[in-house]
Amino acid sequence: MTAPVFVVDSLAGVGAGDAGFVLEGPEGRHAVSVKRLRPGEGVVLTDGRGRWTEGVVRAAEGKDRLVVGELAEVAEEPVAAPRITVVQALPKGDRGEVAVETMTEVGVDAVVPWQASRCITQWRGERGQKALAKWRATAREAGKQSRRVRFPEVAEAATTKQVAALLATADLAVVLHEDRDWPSAPLATAELPADGAIVLVVGPEGGVSAEELALFAEAGARACRLGRSVLRTSTAGTAATALLLGRTGRWS
């Protein structure tokens, strides 16, 4: 097993050989009371933004205090290229968290919640802020679980016009869509950029509307399909991200 990952606010001032870094609060509680770490076990500390260091548990104190020593020099994981962003239409129930969790585990770089015209779920007011907070918490926990040190960004919910503007800036813009009345190409054979940004749009269960498809096409997006089967909105982004990570070499 690789060492478990714990998130700290900052690694500023942490130096190689430091013998007394204290992990407290929810992360310390998880380390001591849930993971039940003991002296001599290894851990990884990260800010979730690419900076990280390894250390060894010196002591577990009380229920929520872990003392870490023998710290390595702080390293920074470079930003991966090409960067993969998934624009995820809002699914029903907890399927949004499922989508964020699995996309994080496979390696997505950013997620943009999208209020598509055919979405049943609506993010408004306090309810929308709570839902966004859940997505961000899910990305953080899934990042830790999958031993990432650079967690995906979860943006504010976007309108269709804002999604179109994002697509216009991408080096490859794709809408996952399969319809006999709308031409599409296999994502597995699409020409991929070696660098820059890839933006994928995943529609709601009811699909992307013709008006949205036309607006995205004007922004430079192409319609692509994954395969013969039709995936749910909560799994399509994960499958597409995995396909692209393999094709770009980021999974090599």
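A salt bridge does not link Glu205 to Lys92: none of the charged side-chain nitrogens sits closer than 4.0 Å to a carboxylate oxygen. Looking at Glu41 and Arg58, no side-chain N of the basic residue comes within less than 4.0 Å of a carboxylate O on the acidic one, giving no salt bridge. We find that Arg140 and Glu27 are joined by a salt bridge, their nearest charged nitrogen and carboxylate oxygen being less than 4.0 Å apart. A salt bridge is defined here as a Lys NZ or Arg NE, NH1 or NH2 lying under 4.0 Å from an Asp or Glu carboxylate O, and Arg250 with Asp109 meets this definition.
Residues Asp195 and Ala81 come closest through the heavy atom pair OD1-CB, 3.3 Å. Here the shortest heavy-atom pairing between Ser234 and Thr102 reads O-OG1, 4.3 Å. When all heavy atoms of Pro204 and Cys119 are compared, the pair lying nearest together is CB-SG, 3.9 Å. Across Arg83 and Ala110, no two heavy atoms sit closer than the pair NH2-CB, 3.4 Å. Taking both residues in full, the closest heavy atoms of Gln115 and Thr121 are given as NE2-O, 2.8 Å, listed atom of the first, atom of the second, then distance.
When the side chain to side chain donor-acceptor pair (under 3.5 Å) test is applied to Glu24, the partners found at least two apart in sequence or on another chain are Arg65. Evaluation of the side chain to side chain donor-acceptor pair (under 3.5 Å) rule for Arg222 yields no partner, not counting sequence neighbours. Applying the ring-ring contact (aromatic ring centres under 6.0 Å, His included) rule to Trp123 yields the partners Trp135; only residues at least two apart in sequence or on another chain are considered.
Side chain of Arg38 to main chain of Val57: no donor-acceptor pair is present (N/O by atom type, distance under 3.5 Å, no hydrogens or angles). Listed for the Arg36 side chain is no donor-acceptor partner under 3.5 Å among the backbone atoms of Ala31. Between the Glu218 side chain and the Leu215 main chain, no donor and acceptor come within less than 3.5 Å of each other. Ser33 places a side-chain N or O within 3.5 Å of a backbone atom of Lys63 that can act as its donor or acceptor partner.
Among the candidates Thr46, Val8, Val5, Leu45, the single residue satisfying the side-chain contact (heavy atoms from CB on, under 4.5 Å) test with Trp52 is Thr46.
In the model, Glu212 has a side-chain atom that pairs as donor or acceptor with a side-chain atom of Ser209 under 3.5 Å. Residues Thr53 and Glu73 bring no donor and acceptor atom of their side chains to less than 3.5 Å of each other. A donor-acceptor pair shorter than 3.5 Å can be found between the side chains of Thr233 and Gln88.
One finds the CG atom of Asp171 at 11.5 Å from the CD atom of Glu191 (value rounded to the nearest 0.5 Å). Note that CD of Glu76 and CG of Leu11 are 10.5 Å apart. Values are rounded to the nearest 0.5 Å. Annotation: the span from Arg29 atom CZ to Leu23 atom CG amounts to 11.0 Å, rounded to 0.5 Å. Separation of atoms CZ (Phe6) and NZ (Lys144) is listed at 7.0 Å; rounding is to 0.5 Å. Separating the CZ atom in Arg225 from the CG atom in Leu231 is a distance of 13.5 Å, to the nearest 0.5 Å. Atom OG1 of Thr248 is separated from atom CG of Leu192 by 7.0 Å, given to the nearest 0.5 angstrom.
Val87 and Val100 fall into different hydrophobic clusters, where Ile, Leu, Val, Met, Phe, Trp and Tyr side chains are chained together by heavy-atom contacts under 4.5 Å.
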